[in-house]
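Taking it in order: structure first as structure tokens, then the write-up.
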There are 2 protein chains.
Amino acid sequence: MQRSLKGGSRSPGQTCALSDLSDLNTLPEDVREALKAICRQKSYEAGQTIAEADRPSDFIGIVRDGILRMEKTLSDGRRHLVGLLVEGDIFGHVFDGEMHFNVEAATSVELFTFRRGPFEEILLRSPDLDRLLLLNLLNELDRARDWMIILANPKVRGRLAGFLLLLCTRFQNVDHVTSIAGDAIRLRIPLSRRDLANLLGTRLESVSRAFHALANDGLIDILQPRVVEIRDLEALADEAGGSELGDPASLHQLMLAIQKPTD
Amino acid sequence: MQRSLKGGSRSPGQTCALSDLSDLNTLPEDVREALKAICRQKSYEAGQTIAEADRPSDFIGIVRDGILRMEKTLSDGRRHLVGLLVEGDIFGHVFDGEMHFNVEAATSVELFTFRRGPFEEILLRSPDLDRLLLLNLLNELDRARDWMIILANPKVRGRLAGFLLLLCTRFQNVDHVTSIAGDAIRLRIPLSRRDLANLLGTRLESVSRAFHALANDGLIDILQPRVVEIRDLEALADEAGGSELGDPASLHQLMLAIQKPTD
DNA sequence: CGGTATTTTGAGTATCGTCAAGGCCAGTGG
DNA sequence: CCACTGGCCTTGACGATACTCAAAATACCG
């Protein structure tokens with residue numbers, strides 16, 4: 001039994017450091033102030049449930065730090081990952097929308113939360129905030145499609161390669177997922193093998209084998225089960241069936257970044 | 001070489017029957033009129049390209065009839081389906097967004113189109129239209145996640161079953177995809193085996209085999225390659241790994257609808 | 001140090017990808 | 001009218017991959 005969902009520890013009296021999130025700084029001063037006034041900061045630990053599907057969760061959340069899993073619970077009890085949320089991502093349906101998935105902490109997490117009523121009130125008066133939400137949605141949609149492409153790879157190795165690539169590109173500068181280690185990229189994988197198997201549409205044993213297959217071929221090094229280093233980014237992109245995750249450009253940029261690590 | 005993208009045949013002088021789309025009828029009178037004033041209706045035939053990725057397509061489209069494919073072109077030339085568009089769906093990025101996929105006609109298609117500039121002008125003055133777009137996005141996001149779950153099924157049979165189920169639930173009342181045939185649901189599949197293979201992350205031979213495997217076990221009947229009848233909806237849902245596509249409720253409703261077909 | 005969860009490895013079988021051939025259908029041109 | 005063509009779908013055979021069940025090894029936590 002998981003630790004249940006009785007909310008994280010709050011720091012209610014404290015004003016939220018909303019300015020930590022660069023996206024929000026594009027908003028006009030008054031909107032930022034209004035948001036700050038109704039903001040609560042919460043912390044959750046890995047494994048905690050933050051919001052449940054189809055339940056009127058009644059708050060909007062913005063991730064300040066850490067990684068969240070979105071997962072659907074299927075009628076037969078199994079669960080499927082449908083995406084990850086990272087710093088700056090917004091979740092919780094605005095307006096009448098329901099969420100059809102649970103949100104759980106994959107790592108320890110810090111959130112900014114807003115009660116829905118007041119939030120929507122601000123939203124109605126601020127086209128900029130509205131725009132921000134729209135862009136957030138578009139971004140999520142793009143990411144969901146990236147997942148689709150990764151999942152559409154016929155081989156497990158390819159899907160895993162795609163996943164690692166996604167971690168490299170979409171999650172650079174995020175949390176402590178990516179870091180440079182000499183001439184390689186070091187990745188902290190925020191998911192267990194079981195979760196990865198669910199995400200990638202396979203079994204945990206196959207995930208494990210795929211990891212070691214990639215390692216044997218010199219594409220990656222496995223330092224710990226959840227810590228790997230990318231040794232051959234190009235070969236990895238090749239394995240994933242092209243580099244079409246986000247931009248091919250961002251991959252190239254990434255490779256350049258490695259070549260001169262400390263500047 | 002496909003037929004290229006020089007637009008479909010237009011009916012410019014004609015006013016568009018926007019009221020055919022029920023979603024739009026929720027909009028206030030004046031907004032509907034404004035939209036009608038800048039609307040163009042276009043027709044495309046199966047196979048035509050309607051909009052290209054990363055090209056400022058400069059128009060917003062609403063599907064009036066038919067089915068569109070959204071597909072990403074990968075750097076190595078292969079193409080991957082990332083979703084379908086049906087009656088009422090809106091596409092083309094508003095504001096600064098780029099589309100990262102092509103849009104092509106899967107069947108013959110009728111569209112309403114709006115040039116981006118005037119459309120955004122109306123959008124800025126109408127929160128209702130804005131809301132409509134938002135809901136459309138949320139809906140697409142949900143659908144993308146449904147695809148993810150289907151794709152996450154380890155076996156091809158299961159993925160195909162999930163796809164057929166999706167057709168039954170999400171696409172009822174759409175075009176001529178679904179119809180009732182006695183005690184079964186008849187499906188017109190709007191995709192070739194090749195497209196289906198891309199979508200489901202496998203090869204066309206495997207898709208073919210999966211179809212006939214389901215037929216051998218009595219779950220479906222194959223009338224023509226692209227026309228099948230669902231014989232055992234429950235077993236199909238089981239094969240797909242639960243019925244968690246959209247609502248379990250909608251499946252149940254579907255089964256009831258079959259049991260008394262003509263009322 | 002022991003206990004639990006996670007990860008890895010192994011062996012056997014089912015499934016799938018791959019290559020190759022053949023069938024079906026619609027359209028074309030003799 | 002018929003042979004020819006090309007696109008699409010099906011079928012077969014075989015090797016590669018992945019799923020399954022089982023057990024061992026490792027990491028994690030108190």
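Predicted model only: the values in this text are computed from it and were never measured. Just so we're on the same page: letters track the sequence lines, and every chain starts at 1.
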Nearest to the side chain of [X], heavy atoms from C-beta on, is which of [options]?
| X | options | result |
| --- | --- | --- |
| B/Arg226 | C/dT7, D/dT20, D/dC9 | D/dC9 |
| A/His212 | C/dT8, D/dC19, C/dT18 | C/dT8 |
| A/Arg203 | C/dT9, D/dC19, C/dC16 | D/dC19 |
| A/Val156 | C/dC16, C/dT7, D/dA18 | D/dA18 |
| A/Glu205 | D/dC8, D/dC19, C/dT9 | C/dT9 |

So, B/Asn198 side chain and B/Leu81 main chain: donor-acceptor pair closer than 3.5 Å or not? no
Is the side chain of A/Arg159 donor-acceptor paired with the backbone N or O of A/Asn153 at a distance under 3.5 Å, no angle test? yes
If I take atom [atom1] in residue [X] and atom [atom2] in nucleotide [N], what distance separates them, rounded to the nearest angstrom?
| X | N | atom1 | atom2 | answer |
| --- | --- | --- | --- | --- |
| B/Leu160 | C/dT15 | CG | P | 15 Å |
| A/Ile189 | C/dT6 | CD1 | C1' | 14 Å |
| B/Arg194 | D/dG6 | CZ | P | 16 Å |
| B/Leu196 | D/dC8 | CG | C1' | 13 Å |
| A/Asn198 | C/dT7 | CG | P | 12 Å |
| A/Leu200 | D/dA18 | CG | C1' | 14 Å |
| A/Asp217 | D/dT17 | CG | P | 11 Å |
| A/Leu204 | D/dA23 | CG | C1' | 14 Å |

DNA chain C nearest-nucleotide lookup for A/Lys155 and A/Gln224: closer to the 5′ end is A/Gln224
Of B/Arg69, B/Arg226, B/Arg79, the one forming a salt bridge (Lys or Arg N to Asp or Glu O under 4.0 Å) with B/Asp195 is B/Arg69
Correct closest heavy-atom pair for B/Lys72 and B/Val82 would be CG-CG1, 4.0 Å
Please check the phosphate of [N] (OP1 and OP2 only) for any side-chain N or O of [X] closer than 4.0 Å.
| X | N | value |
| --- | --- | --- |
| B/Ser206 | C/dG17 | yes |
| A/Thr202 | D/dC19 | yes |
| A/Ser208 | C/dT8 | yes |

Do B/Gln41 and B/Glu110 get their side chains close enough for a donor-acceptor pair, meaning under 3.5 Å? yes
Any N/O donor-acceptor pair, A/Arg209 side-chain to D/dT20 base, under 3.5 Å: yes
Assign B/Arg159 to base, sugar-phosphate, or nothing according to its heavy-atom contacts below 4.0 angstrom with the strands shown. nothing
